[in-house]
Amino acid sequence: MSKDTSATIIEELKQKDAITPPPMPTNPDIETVEFDNPIQRGDLTISQVNINKPKTGALRGLSLSDLLKLDVDTVIKLVPRVSTPPLAEHEVAALDPTDFLSLSTAVVGFFASKDQRAKARQEAEAAKAGASLTA
């Protein structure tokens, strides 16, 4: 194999790597939250959780108005009911404020319409892409 052929093959592979595959379809009823400060549970480190769209039963005993106002106590009670892996209330209460806000907004986001959520997701992805290009 000549040097030119090797260089051509390497260049083609680089170009293929530069092309990003289309995003995987996402489940609109699940929101993934990545923690800036992971939770340590024994030997297990939890760096992200999935927040499932709450069903009516998960909202029992909670005030929707308090939830929509991001009331801390209300969010602490709801997150263990809708998170995978399930987080304990004391783990949610001990979260870093930035991680708690991420969880809270993920939960409250399910109360928006599908169109509003899709638009917000597109804006967030565009902002991430813009941030990664400038970094």
Side-chain angles (χ1 to χ4, degrees):
M1 189 181 292
S2 71
K3 278 184 148 181
D4 291 335
T5 306
S6 297
T8 304
I9 292 172
I10 290 171
E11 188 60 35
E12 287 174 6
L13 290 173
K14 285 181 182 177
Q15 288 176 355
K16 284 182 183 178
D17 287 342
I19 299 171
T20 56
M24 294 294 292
T26 58
N27 184 340
D29 293 340
I30 298 174
E31 187 74 33
T32 301
V33 176
E34 293 186 36
F35 295 132
D36 291 337
N37 300 294
I39 296 171
Q40 195 66 39
R41 186 188 288 167
D43 292 338
L44 177 65
T45 300
I46 301 172
S47 59
Q48 70 178 25
V49 295
N50 287 331
I51 301 298
N52 304 299
K53 183 177 182 178
K55 303 288 184 198
T56 304
L59 301 171
R60 277 194 193 126
L62 303 176
S63 166
L64 287 179
S65 64
D66 286 345
L67 183 60
L68 295 174
K69 290 188 283 185
L70 301 180
D71 176 69
V72 173
D73 292 328
T74 305
V75 174
I76 288 172
K77 288 179 184 172
L78 179 60
V79 168
R81 301 176 188 181
V82 297
S83 61
T84 306
L87 300 178
E89 284 188 21
H90 72 275
E91 291 172 323
V92 178
L95 283 173
D96 182 87
T98 56
D99 294 330
F100 183 80
L101 183 59
S102 296
L103 279 179
S104 300
T105 54
V107 168
V108 172
F110 288 117
F111 291 90
S113 71
K114 287 182 183 181
D115 291 340
Q116 291 169 327
R117 287 191 357 236
K119 182 179 177 184
R121 180 172 276 129
Q122 287 175 344
E123 290 173 357
E125 288 174 3
K128 275 186 186 178
S132 66
L133 291 176
T134 58

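Note that the structure is a prediction, hence the values are computed from the model and not measured.
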Ile46 and Val49 have their tightest heavy-atom pair at CG2-CG1, 3.8 Å
With a 4.5 Å cut-off on side-chain heavy atoms, are Leu62 and Asp66 touching? no
My understanding is that only one of Asn27, Asn50, Thr84 makes a side-chain hydrogen bond (donor to acceptor under 3.5 Å, both in side chains) with Thr32; could you say which? Asn50
Which value, rounded to the nearest 0.5 Å, describes the distance between Leu67 atom CG and Phe111 atom CZ? 5.0 Å
Under a 4.5 Å side-chain heavy-atom rule over Ile, Leu, Val, Met, Phe, Trp and Tyr, are Val107 and Ile30 clustered together? no
Looking at CG of Asp29 and CD1 of Ile51, how far apart are the two atoms once the value is rounded to the nearest 0.5 Å? 13.0 Å
Value rounded to 0.5 Å, distance of CG in Asp96 from CD1 in Ile39: 10.5 Å
Could you verify whether a donor N or O on one side chain and an acceptor N or O on the other, from Ser113 and Asp115, lie under 3.5 Å apart? no
For Asp36 against Pro38, the heavy-atom pair lying closest together: O-CD, 3.7 Å
For side chain to side chain contact (heavy atoms under 4.5 Å, CB included), just list the numbers for Phe35 and Leu95, CA-CA rounded to whole Å, side-chain angles, deciding distance to a tenth of an Å, and then say yes or no. CA-CA 9 Å; Phe35 295 132; Leu95 283 173; 4.2 Å; yes
Least distance between heavy atoms, Glu34 atom then Gln48 atom: CG-OE1, 3.5 Å
If we check side chain to side chain contact (heavy atoms under 4.5 Å, CB included) with Val92, which of these qualifies: Asp99, Leu78, Leu87? Leu87
Any non-hydrogen side-chain atom of Phe110 less than 4.5 Å from a side-chain atom of Asn52? no
Ignoring hydrogens and angles, tell me if any N or O in the side chain of Thr74 forms a donor-acceptor pair with the backbone of Leu70 under 3.5 Å. no
Going by atom types only, do Ser65 and Ser63 share a side-chain donor-acceptor pair under 3.5 Å? yes
So which atom in Leu59 and which in Pro54 form the shortest heavy-atom distance, rounded to 0.1 Å? CD2-CB, 4.1 Å
Looking only at heavy atoms, what is the nearest atom pair of Pro80 and Pro86, with distance? O-CB, 4.3 Å
Between Ala106 and Glu31, what is the shortest heavy-atom contact and its length? CB-CG, 3.7 Å
Keeping the roles fixed (side chain from Gln40, backbone from Gly42), state whether a donor-acceptor pair exists under 3.5 Å. yes
